[in-house]
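Just so you know, residue 1 is the first one in the sequence shown, and it goes up from there.
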Amino acid sequence: MVSKRKLSKIDASEESCKTDLPKTKKSRSSDKENASAFCGLENEGVFEELLRTSGLVLKAGEGQNEIAVDQIAFQKKLCLALEKHPTYPAVVKQFISGLESHIKDRNQFKNCLLPCTPVRTEGSRNLVHSYCESLIKLLLGIKILQPAVITLLLEKIPEFFFDIVGTFGTNFPRLIINQFKWLDRLLDSQDLVRKLMQMVSVSPVPIQHDIIISLPEILEDTQQSEVARELSSLLKQGRRLTVPILDALSRLDLDAELVAEVRQSAMTIVPSVKLEDLPVVVKFILQNVKAADAVEVISDLRKSLDLSSCVLPLQIHSSQKKIKSQVQASSSLSQVTTSQNCVKLLFDVIKLAVRFQKDVSEAWIKAIENSTSVSDHKVLDLIVLLLIHSTNTRNRKQTEKVLRSKIRLGCMPEQLMQNAFQNHSTVIKDFFPSILALAQTFLHSAHPAVVSFGSCMYKQAFAAFDSYCQQEVVSALVTHVCSGSETELDISLDVLTDLVVLHTSLLMRYATFVKTILDSTQKLNPCQIRKLFYILSTLAFSQKQEGSYIQDDMHMVIRKWLSSTVPNHKQMGIIGAVSMIGSVALKRSEGDAASLERPELNSERDEQLSTLLDLVGFCCEQTPEVLALYYDEFANLIEKQKGNLDLQLLDEFGKSLVEDFPSDFVVDLSPSVHGSFLFPVKSLYNLDEDQSQDAIAINLLPLVSQSELGRVTAGANNQSKRAVSPLCLSPCFRLLRLYTAEQNSGSLEEIDALLGCPLYLTDLEVEGKLDSLSKQEREFLCSLLFYALNWFREVINAFCQQQDAEMKGKVLTRLQNITELQNVLGKCLAATPGYVPPLATFDSEALEAVPSVNAAGPARKRGGRKKKADGSKAGSADRSQAEDSSEGNQPDTELSELDKSAADREAGSPLAQLQSYRPYFRELDLEVFTVLHCGLLTKSVLDTEMHTEAREVVQLGPAELCFLLDDLCWKLEHVLPSGSTRRVPFPKERGNKDIGFSHLCQRSPKEVAVCVVDLLKPLCKHMENMHNYFQAAVQNKGAEDEPGENIQEHQLMSSCYQLLLLTFRSLFSWNGFSQHENTDLLRSALQVLADRLKPGETEFLLLEELISESFQYLLNFQQSVPSFQCAYILTQLLIAIAEKPMSGWKREKMASLAKQFLCQSWVKPGGDREKGTQFNSALHTLLCVYLEHTDNILKVIEEISSVGVPELMNSAKDACSSTYPTLSRQTFPVFFRVMMAQLESSVKSIPAGKPSDSSEVQLEKLLRWNIAVRNFHILINLVKVFDSRPVLSICLKYGRLFVEAFLKLAMPLLDHSFKKHTDDVQSLLKTLQMSTRQLHHMCGHSKIHQDIGLTNHVPLLKKSLEQFVYRVKAMLAFNHCQEAFWVGILKNRDLQGEEILTQASEERGSDEDEGDEEDSAEGPAEEVIEPDNSVS
């Protein structure tokens, strides 16, 4: 019906316009009058006339109504005209009827709803205001017209219910509702609001939306609460009006109860609300949050907010781009833009709340901090933390702390950050300064996970942001590189390396920045120089024209370095040159350049390559050390770029290499060698004796003789003027075999003769002959052995992966040769103090800085172990006992596991002799450890089955296994940091940390971990063999067959067992397993262990089940561990596995295992009990594990101190406790230290007393304190028997800490429980008083003996004892029984209680005043509580 009326009305209007056109002109209002006249209304003239006389002219069509007077003046004139009209009040009805008739035309109605146009009438001096209200709003401001106009407008709204408002159409309902906003006065606001709410109940959704949104501007203050409740009930009925209702409520003044109710309703719809409505909902929730419930509200909100719904359109768009039409793709793109805009609005809302509401930012940080589960953390958390960091300066430190903590705990994995950058880069880009600041800070962190997160932030920012941000990222990375900090330098170069691989063309824009690092190369070590030149070479040669200026700079720098006489510069020149050679010689793809350009490009490459090769060759040929480095670097290049080098370009270099090696180092095998040498030449270690024809040998002894004794003549006689030195033998062979393998697809057939060929050495039966040799001869012999060992190491590196059975046999034989030669070398080194071996690694930071290990080394023959050098020791710090988690409980010694094991081995053990000479041996490749797949062959088997078939079955001997495991442990300790590893705040100079790990450092820790996981199966087999061997050894203990050999074999097998356990521990304690991306690798490792228990059943087990199975598997080895050190490592290994996570039953198992080891008698094969620093250190850790994992620490301490210690006191001098065989007089200080430390830490876990505690709770706490004080008394009194200096020091230190804990935690309890439990409190204080007396006696003892180490503890202890006296007095005063307390002066006594007479005589000789002072100086006042006094 509405549409019909509308149509007829329009037709009528058109007809009236046509008929009126020919008529004469009339006044401005004549058109309106005619239109009104056509409608047949009699009172038309009143409405028109009154408006005109008041100063307003109505316009038809598109023109706006014009007003010639001020709005207030118009309203006054019209009101006056109506009131003074002869027919008032009837004229009001006529006026309203005229208005109703006028607005029947939509255009005229629109004009009445839109603002009027101000005009100046002729002769008027007054200007009308630039903005004037609409006619309707002006009429609403007139009191006598307002009710009728309101009714008329509300009746008009239903006419537009079914209108479809287009993009440029007029929304009449909205215009009508807007007229009610901000009125100066409403005669009956209650009625208007009631009618509007009724309109809401019957209107379509768009009109409902408009009415609700406008309510806050219409309502009076008194109506807000009532309307808010109506809107709240409306909110519960449906979700279509959620946004307008919340928007309206957010602008109303609500009471707290209603706010909470509405907020809860809003919170429930957050997960399901439309994305475009989400900002409004979140704004309401945050706007009404109060400090008291902020944390709870924010916690609920962050759980409900899920940004994954915002990412979905982006994923749809990326898939549609590939498979759909252009039209669909463009619509998808608009959807993506809308989605991103909504997310941007959402974070703008959060940003406003964070900036202007202090409670919101702190609550959000707290909510994230309180979230513990890894799965609870979302992309939202990271973005909000960045937002708070960038918005609120006062919360920056707190934000950074929370973010660090979450990264350390693995709650913020790098994958989560990548999702944030990839899916919400438009939001995150606003926080770029904060991202940059956090990344820079994180790179300074001591925690590897935080450092890794910081480096990932740099990479993601570079990939996701614009050119300005990319430039800032590169600039920051270059600053890190030039800072001089070792870790920052390494990480920054790694990030730049990743960027140059992933975004070469992008990074090319900022190559000038990267190139500036060349000015700071003096701070870089060889490994870092290698990374830098890889980055620069990739940039220089990836894009032809753009990279030419970088090439020129690199050429200049390399020429300068190579021509330098400084060894360090020459080193850097070779490394840089080889990096450039690698980039030039890389294979190019077919599409690199047009076919016409290829010949020119190839010739240019050939020229560059030949220039570089000639330059390096010329600079290296006269210095063996430099030439050896060149060979090593080239070998590393071929190994790293396996399959990617264009070997045709290196053909000339390869030919000269293949020719030079045989001519320099290989000779035909002959029975006798001509020449005069220090020792007679003898061919040894020939594995091809059956092939006598065309046999060859390595010309080692003559070359060493020339190098050591005839350097000048050797150089003069060589026609090529190239230095031929035994130093180059191993490096040259390494390069030769890698080049050969690359040329022949991995085959080494061309050089396989070198595996079995003999060496020209001399007779190595040196037993008893060494003393008769001169120093020069002994040193010559040592050098010869070092060269031979390094040759064999490189031979094994080369052929370890060959599958041929004969080759495998030869490799194992070479391993045996190494162990034999190491035995001989150990004896020679022991007889040659001060000897410095020839270099084996040539890329150390300074060649002359290789540690001199021999000054105090070989002369120390006890245990066959030399003190380890600083340089080679640096890499083994992580294998120390410091992994114990109890802070302050560590023993004083921190030796590495291998150092300790070596310290306890016999003098004949080669590993014991050669630990400190590691830098002088060639590095074994990780591939060598594939030999571990061979079975183990022990001597006992050889004795019974010594026949030729045993040689054909390729198996590994115990000595060779020990050699391989030792090297593997050394590598893992260097490259796989444990979870407890932290960077030292002020580290010593780096020295030579990476010597011997050049090849290893080119692999990431994850690559190394993958290699070890692949080896786990054979390692498990070897460990099971060890288990079986020692189980059998225990059963056959009575057999006395060849005791000497059995002891030696037992020691070797024990070393293997220990090294196997160390390998497992190094792997499973690697901190990389805490990172999310390595979870699959951890699962694979655990699966291997679990599969040993349940073969074929582990594939579908959960991670927690795999951990339990692996734990159980390793626990089975507890019965066979041969030494206390093995027991200690097994315990640490089980803890490393159980920590992921530690459940109740595992804690119980750990406590039981530790107790079993402590209650076991540990005897060496020779019959002596184990002892020494290493034993004490392991004992300390095991005892800590036992006490930390047991259910009742106080009970265990009491058991040891009241059972184990009395047994020790009643035993013979060298005997031990029968219950705890590990407790002897030598180990008592270890037990005492751990018990005192654990007692002190355990009482800290007793909650402090509160006035609100019930009587039962007070009694329970009193009971715990009673046991603790009794234990303390027992331990303190042991000093009377065990009065050694370490025990006294422990007493003074932990005694003070115990008294301080008692004052802080127990005294508040005594304050409130004294009246109810008087006897218990008195008993407790009496027991503690006896202990404090003994502590005072110790202070006197320390002073009389003038022991600085002990007296340092005295002042703080005396202070605590005095505080104790006065605190007890305060407690009695609090309970109104001061008479139960009197103070006496303690005299200074010694440990046995005897008075120290010297001070007593001094006291007698002084006057009264001085006496008082001396009394107070003698000791603290002591409280005495009279037991007879009742509590008042």
Side-chain angles (χ1 to χ4, degrees), residues 26-33 36 43-89 91-103 105 107-153 156 170 174-189 192 214 217-218 220:
K26 297 185 179 180
S27 65
R28 293 186 178 190
S29 58
S30 62
D31 293 338
K32 297 275 192 318
E33 288 171 359
S36 300
N43 59 348
E44 168 270 328
V46 176
F47 172 68
E48 176 65 31
E49 182 187 354
L50 287 174
L51 287 181
R52 189 177 65 254
T53 56
S54 300
L56 192 141
V57 179
L58 296 174
K59 304 291 284 186
E62 295 298 322
Q64 287 177 268
N65 297 331
E66 295 176 351
I67 186 166
V69 294
D70 188 67
Q71 296 177 143
I72 303 296
F74 167 76
Q75 288 176 323
K76 283 182 179 178
K77 281 183 181 181
L78 183 58
C79 184
L80 200 61
L82 286 168
E83 287 175 345
K84 291 191 175 182
H85 199 275
T87 60
Y88 181 82
V91 72
V92 175
K93 287 185 179 179
Q94 292 173 14
F95 185 88
I96 296 298
S97 298
L99 172 63
E100 185 177 3
S101 301
H102 179 74
I103 62 177
D105 181 281
N107 284 332
Q108 292 175 351
F109 188 26
K110 178 181 172 183
N111 284 343
C112 292
L113 293 170
L114 292 174
C116 298
T117 304
V119 295
R120 188 174 3 182
T121 57
E122 292 179 17
S124 173
R125 293 181 181 180
N126 295 331
L127 279 170
V128 181
H129 196 274
S130 60
Y131 174 79
C132 296
E133 296 287 359
S134 66
L135 171 61
I136 298 292
K137 192 140 191 176
L138 290 171
L139 297 179
L140 283 169
I142 300 170
K143 188 165 56 172
I144 55 177
L145 295 175
Q146 191 185 77
V149 175
I150 288 174
T151 305
L152 176 61
L153 289 175
K156 290 289 285 183
T170 304
R174 184 175 296 169
L175 285 173
I176 292 170
I177 293 159
N178 284 344
Q179 307 307 307
F180 301 129
K181 290 183 180 179
W182 307 116
L183 290 175
D184 291 336
R185 53 187 172 276
L186 271 169
L187 296 180
D188 191 355
S189 62
L192 172 61
S214 304
E217 285 83 34
I218 298 172
E220 290 186 351

Please name all residues satisfying side-chain hydrogen bond (donor to acceptor under 3.5 Å, both in side chains) with [X], sequence neighbours left out, ordered by chain then number.
X: Lys143; value: none
X: Glu217; value: Arg251
X: Ser54; value: none

Going by the side-chain contact (heavy atoms from CB on, under 4.5 Å) test, name the single residue among Val149, Asn178, Ile176 that passes it with Ile136.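 Checked Val149, Asn178, Ile176 against Ile136; only one passes side-chain contact (heavy atoms from CB on, under 4.5 Å): Val149.
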Report the residue from Asn65, Thr117, Ile67 that forms a side-chain contact (heavy atoms from CB on, under 4.5 Å) with Cys132.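 Looking at Asn65, Thr117, Ile67, the match for Cys132 under the side-chain contact (heavy atoms from CB on, under 4.5 Å) is Ile67.
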According to side-chain contact (heavy atoms from CB on, under 4.5 Å), who are the partners of Leu175, at least two apart in sequence or on a separate chain?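 Residues passing side-chain contact (heavy atoms from CB on, under 4.5 Å) with Leu175: Leu113, Leu114, Thr170.
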Not counting sequence neighbours, which residues clear side-chain contact (heavy atoms from CB on, under 4.5 Å) with Leu152? List them please.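 Only Leu99, Glu100, Ile103 meet the side-chain contact (heavy atoms from CB on, under 4.5 Å) criterion with Leu152.
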Value rounded to 0.5 Å, distance of CG in Leu140 from CG in Asp184: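 So the CG of Leu140 and the CG of Asp184 are separated by 11.0 Å.
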CZ of Phe95 to CG of Leu51: how many Å apart, nearest 0.5 Å?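 Nearest 0.5 Å value for the CZ-CG distance: 4.5 Å.
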Is it the case that the side chains of Lys110 and Asn107 hold a donor-acceptor pair, with the cut-off being a distance below 3.5 Å and no angle test?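 The answer is no; no qualifying pair exists.
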Which residues pass the salt bridge (Lys or Arg N to Asp or Glu O under 4.0 Å) test with Lys137, sequence neighbours left out?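 With sequence neighbours excluded, Lys137 shows a salt bridge (Lys or Arg N to Asp or Glu O under 4.0 Å) to no residue whatsoever.
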Pairwise side-chain contact, Pro147 with Asp188, heavy-atom cut-off 4.5 Å (strictly under):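 Side chain of Pro147 against side chain of Asp188, heavy atoms only: no contact under 4.5 Å found.
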Min side-chain heavy-atom separation Leu58-Glu48 under 4.5 Å: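 They are in contact (side-chain heavy atoms under 4.5 Å apart), so the answer is yes.
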Under 3.5 Å donor-acceptor pairs involving side-chain atoms of residues 73-86, not counting sequence neighbours:
{"unit_1": "Gln75", "atom_1": "NE2", "unit_2": "Leu138", "atom_2": "O", "d": "2.9"}
{"unit_1": "His85", "atom_1": "ND1", "unit_2": "Thr87", "atom_2": "N", "d": "3.2"}
{"unit_1": "His85", "atom_1": "ND1", "unit_2": "Thr87", "atom_2": "OG1", "d": "2.9"}

Donor-acceptor pair, distance only, cut-off 3.5 Å: does the side chain of Gln146 make one with the backbone of Arg185?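 Pair found, side chain donor or acceptor close to backbone of Arg185.
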Test item: Glu133 side-chain N/O and Gln71 main-chain N/O as donor-acceptor pair under 3.5 Å: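 Flag not set: sc Glu133 to bb Gln71 has no pair under 3.5 Å.
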If you take all heavy atoms of Cys112 and Ser134, which pair is closest and at what distance?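 The answer is O-CB, 3.2 Å.
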